[in-house]
Asker: 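The structure is given below, and queries will be raised subsequently.
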Amino acid sequence: MNFEDYRGIWVFIEIKDGKVAPVSLELLGAGRELADKRKSQLAGLLIGDGVEEYVQTLYEYGADTVYVYDDPLFNHYRTESFMRAVFDCCEKHKPEVLLYGATANGKDLASAVATDLPTGLTADTTILDIEEDTGLLLASRPAFGGNIMATILCKKYRPQMATVRPKVMKALTPQEGRSGELVRETVDLKEDDIRTKVLEIVRETTKKSSIDEADIIVAGGKGLGSKAGFELIHQFAQVIGAAVGGSRDVVEAGWIPHQNQVGQTGLTVTPKIYFAIGISGAIQHIVGMQNSGLIIAINKDPDAPIFQTCHYGIVGDAHEVVPLLIKAFEKALDRRVSHV
Amino acid sequence: MHIVVCIKQVPDTKIIKVNPKTNTLDRSSAPAILNPYDAHAVEEAVRLRDQHGGKVTVLSMGPPQAVNAIKKCIEIGADEGVLISDRSFAGADTLATSYALTKAIEKIQKSEPISLVLCGKHAIDGDTGQVGPGIARRMTIPPITNVLQIEKVDLNESKVEIRRKIENGYEIIESQMPCLLTVEKEINEVSYSPLPNMIKAARYQPTVWAVKDLDDVDMSQLGMKGSPTIVGKMWPPAKSEGAKRIEGDAKSQVKQLVLIVLEKRELFEQKGGR
Ligand SMILES: Cc1cc2nc3c(=O)[nH]c(=O)nc-3n(C[C@H](O)[C@H](O)[C@H](O)COP(=O)(O)OP(=O)(O)OC[C@H]3O[C@@H](n4cnc5c(N)ncnc54)[C@H](O)[C@@H]3O)c2cc1C
Ligand SMILES: Cc1cc2nc3c(=O)[nH]c(=O)nc-3n(C[C@H](O)[C@H](O)[C@H](O)COP(=O)(O)OP(=O)(O)OC[C@H]3O[C@@H](n4cnc5c(N)ncnc54)[C@H](O)[C@@H]3O)c2cc1C
């Protein structure tokens with residue numbers, strides 16, 4: 001394997017609800033940085049049925065080249081068809097790095113492609129870097145339930161592949177009118193070659209909770225004292241347009257439904273801002289929110305473990321601090337809410 | 001139908017501690033357990049066997065102590081267990097792990113063809129979820145990940161219908177058998193083991209194979225040698241360094257905090273004021 005043949009940073013582009021998935025745009029942002037460091041090109045790999053309309057968006061978010069596989073075969077995601085396209089494209093154009101969003105389909109696809117190529121695949125990356133001179137990808141990730149971070153390296157194989165968690169990387173501000181090169185590709189594959197069929201897709205529009213997608217989460221813990229005390233969390237969340245989360249203990253106390261629980265036995269969330277109010281910061285809670293962009297803790301105990309994880313901490317009584325916060329944000333954001 | 005379930009023994013990551021001197025995990029600080037997702041996979045296999053007849057074989061790669069995880073699966077109701085254990089497997093990443101497990105599955109299916117392979121969604125230690133699809137590709141059977149429910153099994157047509165979790169919903173997939181499924185914990189509740197299973201498990205000795213017991217093994221694909229990825233630096237996740245205390249009385253604390261938060265003003269503006 002001649003490493004010189006492998007050039008360029010690629011991002012597998014996912015389409016979700018008729019749009020380029022946010023994680024793909026984030027990866028173009030991260031990929032742009034890697035490509036610039038390596039003085040190489042950034043490419044998107046777009047697979048689907050009637051997807052050429054998205055190409056312009058990909059240029060605007062940083063792609064120099066877009067490889068497109070447009071065929072009714074790719075109408076729905078299926079491992080067997082999509083992996084064939086990715087595999088063929090890697091063999092033909094030889095990228096140095098290929099990134100995928102660590103979504104259900106992204107992980108499924110990457111695992112299959114890595115096995116067939118074969119090459120190394122780093123899972124659930126949260127930190128990305130590249131060695132300028134050697135092109136060695138430094139992909140770091142949490143493992144062991146979030147107890148440790150590790151940098152995973154793939155020294156002897158190309159392409160280097162990684163799945164990357166949503167909401168960790170930053171998309172670029174789109175540059176209107178930016179253009180690039182479109183490369184149309186085809187696969188030699190027939191419907192009969194594929195052993196799976198998608199019979200039905202059900203979108204659960206009655207979204208149980210939007211907390212796994214929210215940019216801002218206000219989470220409360222037992223420190224709020226009672227269900228009535230927890231109202232402060234709802235009010236504060238409403239003022240700043242945030243989703244409400246909570247620790248397992250408040251779920252068990254019946255203050256909020258289980259869908260809003262953050263942590264090991266609840267949801268893993270990565271909002272841009274996470275408020276932890278009256279939450280002690282048990283490891284089972286931390287693993288569910290530690291990758292949030294900005295973590296702010298309010299707790300009356302200066303030794304509460306949450307202060308080890310947060311970026312900013314206020315030692316104080318939630319019943320005093322949160323009402324002041326509500327007022328301050330109402331003013332700053334020019335918003336009013338009905339106090340019930 | 002013959003179902004093979006791949007199961008892994010893992011340290012209980014709820015309890016495990018990081019050695020602050022070496023920045024590595026202190027495995028002795030946590031008991032070794034059956035990977036929780038794999039318990040659901042075994043439970044599902046046992047239910048399918050009870051409905052459709054057949055046999056459940058569990059397979060694990062690991063050190064000799066991993067027999068305990070296999071015994072746990074016998075308690076849940078598995079019929080047989082195989083442990084592959086050999087120094088040459090050590091240091092395997094997901095690619096080398098799927099290779100070794102596939103070699104063992106090939107041997108298992110020589111005596112009895114396999115309809116389904118089940119895996120957990122991921123192992124709670126390595127946390128990658130890559131081994132299942134890897135095995136499927138090596139066996140050249142379809143992988144179906146994130147399985148919420150097995151809707152239908154049609155042994156005559158050799159087909160299954162699967163409910164697969166996707167972002168904000170699910171999809172129903174029809175697949176030919178054999179295929180490989182990785183299961184979510186929602187697929188079932190692991191029921192209490194009946195006493196006869198417990199007694200059987202206590203006495204049970206799984207089959208143990210070393211690498212020489214497997215056929216056509218390419219040694220260069222095993223263990224550390226067969227692993228494209230290596231673990232470089234390890235460190236405990238960022239703590240205290242970033243944590244800044246906001247001092248002062250409540251009023252001034254809030255004032256400072258508002259300024260910090262509003263640096264991310266764009267988050268608030270998208271939503272628009274009311
Ligand atoms: C197997 C297992 C799985 C688990 N899964 C989860 C999970 O998914 N998610 C989860 O969250 N937990 C989980 N837990 C529970 C976890 O261990 C903790 O018990 C839980 O997170 C604690 O919730 P808490 O912080 O709300 O309550 P507490 O630990 O009781 O903390 C309350 C905090 O509020 C502070 N406080 C009190 N009064 C005030 C006040 N007036 N103003 C400000 N601060 C105040 C206190 O100083 C304290 O730090 C799990 C546990 C186990 C064993
Ligand atoms: C800190 C750290 C980070 C790592 N990061 C990576 C990485 O990014 N990429 C990589 O390729 N490797 C990585 N590894 C190596 C990886 O953990 C091992 O390859 C491991 O053997 C299998 O991966 P997993 O635990 O992630 O299993 P998963 O793929 O999460 O396991 C999924 C399912 O596969 C089956 N399975 C997995 N292992 C076994 C087994 N031994 N026996 C039977 N069934 C099994 C089970 O059904 C399990 O539920 C890392 C290891 C460490 C210590």
Side-chain angles (χ1 to χ4, degrees), chain A residues 16 79-80 103-104 107-108 111-112 114-116 118-123 142-154 156-157 195-204 215-216 240-241 272-273 284 290 307-314 316 320-321 324-325 328-329 332-335, chain B residues 13-14 16 18 25 93-95 98 124-130 133-134 137-138 142-146 165-176 228-237 239-240 242-246 250-251 253-255 257-258 260-262 264 267-268 271 273-274:
Chain A
K16 188 179 153 193
T79 320
E80 288 185 293
T103 57
K107 292 186 67 139
D108 181 286
S111 307
T115 311
D116 276 42
T119 192
L121 173 61
T122 304
F144 289 83
N147 283 293
I148 199 140
M149 290 290 297
T151 305
I152 310 296
L153 311 167
C154 173
K156 297 194 184 133
Y157 292 73
R195 291 165 293 182
T196 54
K197 285 195 177 19
V198 179
L199 302 181
E200 193 184 344
I201 294 183
V202 180
R203 302 267 173 222
E204 287 177 330
D215 279 335
I216 312 174
I240 61 173
K272 307 221 165 82
I273 308 181
Q284 296 88 353
Q290 63 191 356
F307 288 125
Q308 302 287 305
T309 302
C310 71
H311 300 103
Y312 290 96
I314 288 184
E320 186 187 355
V321 177
L324 288 172
L325 271 175
F329 275 102
L333 301 172
D334 194 20
R335 285 184 200 170
Chain B
T13 54
K14 289 196 293 278
I16 200 162
V18 175
L25 291 156
D93 74 353
T94 56
L95 195 71
S98 70
I124 60 168
D125 55 349
D127 260 350
T128 65
Q130 294 171 184
R137 286 308 306 167
R138 291 181 182 284
I144 301 169
T145 52
N146 305 80
K165 186 166 161 175
I166 50 175
E167 271 92 49
N168 65 34
Y170 63 86
E171 59 187 16
I172 308 284
I173 298 185
E174 180 190 88
S175 173
Q176 286 174 19
T229 67
I230 47 174
V231 179
K233 202 172 78 154
M234 289 220 257
W235 71 97
K239 294 232 159 120
S240 48
K244 265 204 204 109
R245 291 287 162 98
I246 301 175
K251 270 221 172 88
Q253 284 175 321
V254 165
K255 220 166 152 185
L257 183 58
V258 170
I260 292 163
V261 170
L262 286 183
K264 308 220 169 196
L267 293 182
F268 301 94
K271 311 253 156 49
R274 249 182 292 173

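Order of the sequence lines fixes the chain letters, A, B, ..., with proteins taken first and strands second; residue numbering starts at 1 for each chain.
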Asker: Measure from NZ or CZ of B:Arg245 to the centre of the six-membered ring of A:Phe307, then state whether that distance is under 6.0 Å and the direction lies within 45° of the axis.
Answerer: yes
Asker: Is the backbone N or O of A:Thr196 less than 3.5 Å from a side-chain atom of B:Gln176, with the two atoms forming a donor-acceptor pair by type?
Answerer: no
Asker: Using heavy-atom distances under 4.5 Å, tell me whether B:Lys255 contacts chain A through its side chain, its backbone, both, or neither.
Answerer: neither
Asker: With a 4.5 angstrom heavy-atom cut-off, is it the side chain or the backbone of A:Ala112 that approaches chain B, or both, or neither?
Answerer: both
Asker: What residue in A:Val202, A:Ile201, A:Leu324 has the most heavy-atom pairs under 4.5 Å with chain B?
Answerer: A:Val202
Asker: Does any backbone or side-chain atom of A:Glu320 lie under 4.5 Å from a heavy atom of chain B? Answer side chain, backbone, both or neither.
Answerer: side chain
Asker: Is a side-chain N or O of B:Glu174 found less than 3.5 angstrom from the main chain of A:Val198, in a donor-acceptor match?
Answerer: no
Asker: Between B:Lys264 and chain A, which part of the residue has a heavy atom less than 4.5 Å away: side chain, backbone, both or neither?
Answerer: side chain
Asker: Between A:Asn147 and chain B, which part of the residue has a heavy atom less than 4.5 Å away: side chain, backbone, both or neither?
Answerer: both
Asker: Select one option (side chain, backbone, both, neither) describing which atoms of B:Leu95 are under 4.5 Å from chain A's heavy atoms.
Answerer: side chain
Asker: With a 4.5 angstrom heavy-atom cut-off, could you sort out which part of B:Asn146 is near chain A: side chain, backbone, both or neither?
Answerer: side chain
Asker: For B:Leu262, which atoms come within 4.5 Å of any heavy atom of chain A: side chain, backbone, both, or neither?
Answerer: side chain
Asker: Tell me, side chain or backbone of A:Lys197 under 4.5 Å from chain B's heavy atoms, or both, or neither?
Answerer: both
Asker: Heavy-atom distances under 4.5 Å only: say whether A:Thr119 touches chain B with side chain, backbone, both or neither.
Answerer: backbone
Asker: For the residue pair A:Leu153 and B:Thr229, establish whether any side-chain heavy-atom pair is separated by less than 4.5 Å.
Answerer: no
Asker: Tell me, for B:Val231 versus chain A, whether the close heavy atoms (under 4.5 Å) come from the side chain, the backbone, both or neither.
Answerer: both
